[in-house]
Number of protein chains: 2
Amino acid sequence: MIPEATVARLPIYLRTLMEAAAAHETTISSERLAELGGVNAAKVRKDLSYLGSLGTRGVGYDVEFLLFEISRELGLTRDWPVIIVGLGNLGHALANYKGFGARGFQVVGLVDVDPTRVGEEIAGITVRHLDDLPVMASELRPAIGVIATPAPVAQDVADRLVAAGVTSILNFAPGVLSVPKGVAVRKVDLSIELQILSFHQQRQAAQHA
Amino acid sequence: MIPEATVARLPIYLRTLMEAAAAHETTISSERLAELGGVNAAKVRKDLSYLGSLGTRGVGYDVEFLLFEISRELGLTRDWPVIIVGLGNLGHALANYKGFGARGFQVVGLVDVDPTRVGEEIAGITVRHLDDLPVMASELRPAIGVIATPAPVAQDVADRLVAAGVTSILNFAPGVLSVPKGVAVRKVDLSIELQILSFHQQRQAAQHA
DNA sequence: AGATGTGAAGCGGTTCACAGCT
DNA sequence: AGCTGTGAACCGCTTCACATCT
């Protein structure tokens with residue numbers, strides 16, 4: 001089984017390889033891949049070895065081949081329909097975010113509870129009511145749900161998404177979500193990141209005192 | 001020294017404690033704190049022990065006291081001026097994000113290169129040009145820089161922020177930033193998160209096949 | 001009695017160093 | 001000769017289990 005930490009780095013290799021491909025490099029060493037990706041070369045080799053024996057000793061890795069293998073491993077050779085719940089500041093920005101659909105993530109549905117927002121069209125998609133989720137689920141078969149709601153309703157939204165068959169959730173609301181086993185949750189929490197930076201900032205300041 | 005992993009969890013305890021305080025609980029056990037924060041009780045105790053001996057055996061932790069101690073450790077007892085660079089979709093949303101300033105993070109400056117955006121007023125702050133950064137730095141003394149630009153210019157922006165005296169960076173642009181030692185960088189990468197979810201989604205699908 | 005604080009064991013991930021292949 | 005693939009050492013974090021204190 002591929003370690004979680006490795007999975008989290010595969011996207012980095014993917015991006016790095018795309019840059020290499022764009023620069024017309026056909027082959028790449030673990031050394032160079034590591035340098036471009038900001039990691040250690042041994043780690044690159046170990047990570048890639050989990051996907052199989054993909055390189056050629058004495059030569060390196062074939063850029064195109066590796067791109068394909070990683071894409072396949074990450075499940076990026078197919079499209080994943082995405083539903084965004086909560087269209088405040090952030091949800092709006094996400095709905096309009098172009099790079100979103102870039103690699104196979106297709107926003108297929110937008111959901112909110114605010115009656116003034118329901119019916120609005122954002123990035124070509126009409127916002128529907130949270131209560132419509134079951135219907136939308138059978139229509140759109142969403143795989144990934146993005147929660148961009150205020151914290152207090154995030155758990156309820158998560159429950160509804162899970163009930164609608166979503167098994168992957170990207171949560172921007174602060175707080176812990178509890179979901180059944182088999183449902184993957186990734187959390188993006190701005191205020192946690194800022195607080196971690198604050199800690200470093202304070203330590204930095206203490207050193208200069 | 002406090003382990004990095006512990007620092008990353010302190011904000012979670014902080015939020016949990018604020019909920020407990022709001023519910024008028026005056027004392028809390030590691031068990032309960034763990035449950036609310038979605039972690040293990042032994043971990044809570046070990047984490048908190050790095051800040052000192054803050055609890056009372058047989059009783060638990062005093063909510064208000066612990067709130068203060070964690071806040072202080074994270075450097076949240078003072079304000080950190082924040083500058084946002086890049087006011088596209090995301091930067092805009094960030095500039096308007098209220099919860100941002102909630103705990104001592106004050107957005108003091110907005111920067112872009114697009115002449116059509118420079119001069120625009122967002123959330124009461126006038127957008128200035130990237131070239132003004134040195135001047136803004138001496139005026140505003142920013143501690144934290146938020147990069148919400150397209151990937152290709154992120155490194156240049158980071159260099160300028162560092163030159164302007166910023167020692168903490170929150171980077172929303174994909175890719176690796178190289179910064180001098182002593183500068184802290186936290187990365188928030190939407191597409192990496194989605195790709196990790198894609199991996200789980202694919203594994204999930206494989207299991208149900 | 002009850003909950004903290006912590007040595008020690010356990011675990012996952014990183015890094016080293018080199019055998020093995022081209 | 002050169003670079004991959006990988007066993008083994010290492011490291012940091014997690015978890016256990018219990019001595020310690022109120």
Side-chain angles (χ1 to χ4, degrees), chain A residues 1-13 16-17 20 25-70 73 176 184 192 196 199-200 203, chain B residues 1-13 16-17 20 25-70 73 176 184 192 196 199-200 203:
Chain A
M1 221 47 320
I2 301 183
E4 193 58 35
T6 295
V7 173
R9 277 188 298 269
L10 292 180
I12 297 174
Y13 302 145
T16 304
L17 286 166
E25 301 179 31
T26 62
T27 221
I28 193 166
S29 69
S30 62
E31 197 73 47
R32 177 121 183 83
L33 192 41
E35 183 196 327
L36 294 174
V39 289
N40 165 301
K43 202 185 279 186
V44 170
R45 291 200 297 277
K46 181 136 281 190
D47 282 344
L48 295 181
S49 76
Y50 289 113
L51 312 196
S53 195
L54 306 179
T56 310
R57 293 165 199 241
V59 179
Y61 300 90
D62 182 88
V63 172
E64 287 298 334
F65 176 64
L66 196 51
L67 265 174
F68 175 73
E69 287 297 319
I70 295 179
E73 194 66 37
V176 192
I192 287 183
I196 294 172
F199 174 84
H200 287 294
R203 162 156 316 170
Chain B
M1 221 49 316
I2 302 183
E4 193 59 35
T6 295
V7 173
R9 275 188 300 269
L10 291 180
I12 296 174
Y13 303 145
T16 305
L17 286 165
E25 300 180 31
T26 63
T27 223
I28 194 166
S29 68
S30 62
E31 197 73 47
R32 177 122 182 82
L33 192 41
E35 183 195 327
L36 294 174
V39 288
N40 166 303
K43 200 185 279 183
V44 171
R45 292 200 296 277
K46 180 137 281 189
D47 281 343
L48 295 180
S49 77
Y50 289 114
L51 312 196
S53 193
L54 306 179
T56 309
R57 291 167 200 241
V59 179
Y61 300 90
D62 182 89
V63 172
E64 287 299 334
F65 176 65
L66 196 51
L67 264 173
F68 175 73
E69 287 298 317
I70 294 179
E73 194 66 38
V176 191
I192 287 183
I196 293 172
F199 174 84
H200 287 294
R203 161 154 318 168

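Labels below follow one simple rule: chain letters A, B, ... track the order of the sequence lines, proteins then strands, and each chain is numbered from 1.
- Within the structure, every side-chain polar atom (N or O) of B/Ser29 is placed at least 4.0 Å from both OP1 and OP2 of C/dA3.
- Between B/Tyr50 atom OH and D/dG12 atom P there is a gap of 11 Å when expressed in whole angstrom units.
- B/Tyr13 pairs with exactly one of B/Leu36, B/Ile28, B/Asp47 by the side-chain contact (heavy atoms from CB on, under 4.5 Å) rule, that one being B/Asp47.
- D/dC3 atom P lies 21 Å from atom NZ of A/Lys43, rounded to whole Å.
- Across all strands shown, B/Arg9 has heavy atoms under 4.0 Å from sugar-phosphate atoms exclusively, and none from any base.
- Interface remark: the B/Arg57 side chain does not form any donor-acceptor pair with the D/dT22 base, using a distance-only criterion of under 3.5 Å.
- Among the nucleotides C/dG5, D/dC13, C/dT6, the one closest to the side chain of B/Glu4 is D/dC13.
- Atoms CG (A/Leu48) and P (C/dT15) sit 15 Å apart, rounded to a whole Å.
- Sparse packing is recorded around CD of B/Glu31, with 12 or fewer heavy atoms of other residues, nucleotides or ligands lying under 6.0 Å away.
- As judged by a 4.0 angstrom heavy-atom cut-off over every strand, A/Leu54 is placed among residues touching the sugar-phosphate backbone only.
- In terms of heavy atoms, B/Leu54 sits closest to B/Leu48 at CD1-O, 4.1 Å.
- When the P atom of D/dT4 is taken as reference, atom CG of A/Leu66 falls 11 Å away, rounded to whole Å.
- Considering only the side chain of B/Asn40, D/dT15 comes nearest among C/dT4, D/dT4, D/dT15.
- In this structure, B/Val7 and B/Glu73 have side chains that are not in contact, with every pair of non-hydrogen atoms separated by 4.5 Å or more.
- Distance A/Ile2 CD1 to D/dG5 P: 14 Å, rounded to the nearest Å.
- Close to C/dG5, at under 4.0 Å from its OP1 or OP2, lies a side-chain N or O of B/Ser53.
- Checking A/Tyr61 against B/Thr56, the closest nucleotide of DNA chain D that is more toward the 5' end is the one next to A/Tyr61.
- Protein atom CG of B/Leu33 is 13 Å distant from nucleotide atom C1' of C/dT4, rounded to whole Å.
- Between A/Tyr61 and A/Arg45 the shortest side-chain heavy-atom distance falls below 4.5 Å.
- Look at CD on B/Glu69: it is 12 Å from P on C/dG5, rounded to the nearest Å.
- Taking atom CZ of residue B/Arg45 and atom C1' of nucleotide D/dT15, one finds them 10 Å apart after rounding to whole Å.
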